[in-house]
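Note that the structure is a prediction, hence the values are computed from the model and not measured.
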Amino acid sequence: MIEIFEEKGLSKEDATTAILAMSKNKEFFVDLMMAFELELEVPSEDDNPYFDGLVTFCSFVCFGFVPLLGYVVLYSIDLGDDKATVLFI
């Protein structure tokens with residue numbers, strides 16, 4: 001963390017002092033490390049992983065069907081011979 005603060009323009013002494021002061025509050029320091037060092041956002045309390053999973057699944061089903069749509073449409077068209085069905089066997 002000291003290196004990150006030095007990159008932001010603080011001297012090594014100031015960065016060390018700031019880190020030591022902030023590390024006294026563990027929860028604040030963990031949030032700070034997630035934001036600056038790992039570049040992760042702290043999830044908000046109203047995030048629902050089940051809803052996010054449902055949205056991802058529905059998107060996968062809907063947009064995953066798009067490439068197969070051509071086969072479904074062509075299979076339903078009757079061309080009068082068996083050449084069209086050979087593609088689907």
Closest heavy-atom pair, Pro67 versus Phe63, reported as atoms and distance to 0.1 Å, is CD-O, 3.5 Å
Compare all side-chain heavy atoms of Leu32 with those of Met22 and state whether any distance is below 4.5 angstrom. yes
Which pairs would a plain distance check flag for residues 3-13, meaning a side-chain donor or acceptor within less than 3.5 Å of a matching protein atom at least two apart in sequence or in another chain?
{"residue": "Ser11", "atom": "OG", "partner": "Asp14", "partner atom": "N", "Å": "3.3"}
{"residue": "Ser11", "atom": "OG", "partner": "Asp14", "partner atom": "OD2", "Å": "3.2"}

Return the CD1 to NZ distance between Ile19 and Lys24, rounded to the nearest 0.5 Å. 13.0 Å
Measure the spacing between CG of Asp31 and NZ of Lys26 and express it to the nearest 0.5 Å. 14.0 Å
Atom pair CG/CZ of Asn25 and Phe29 - distance to nearest 0.5 Å: 10.5 Å
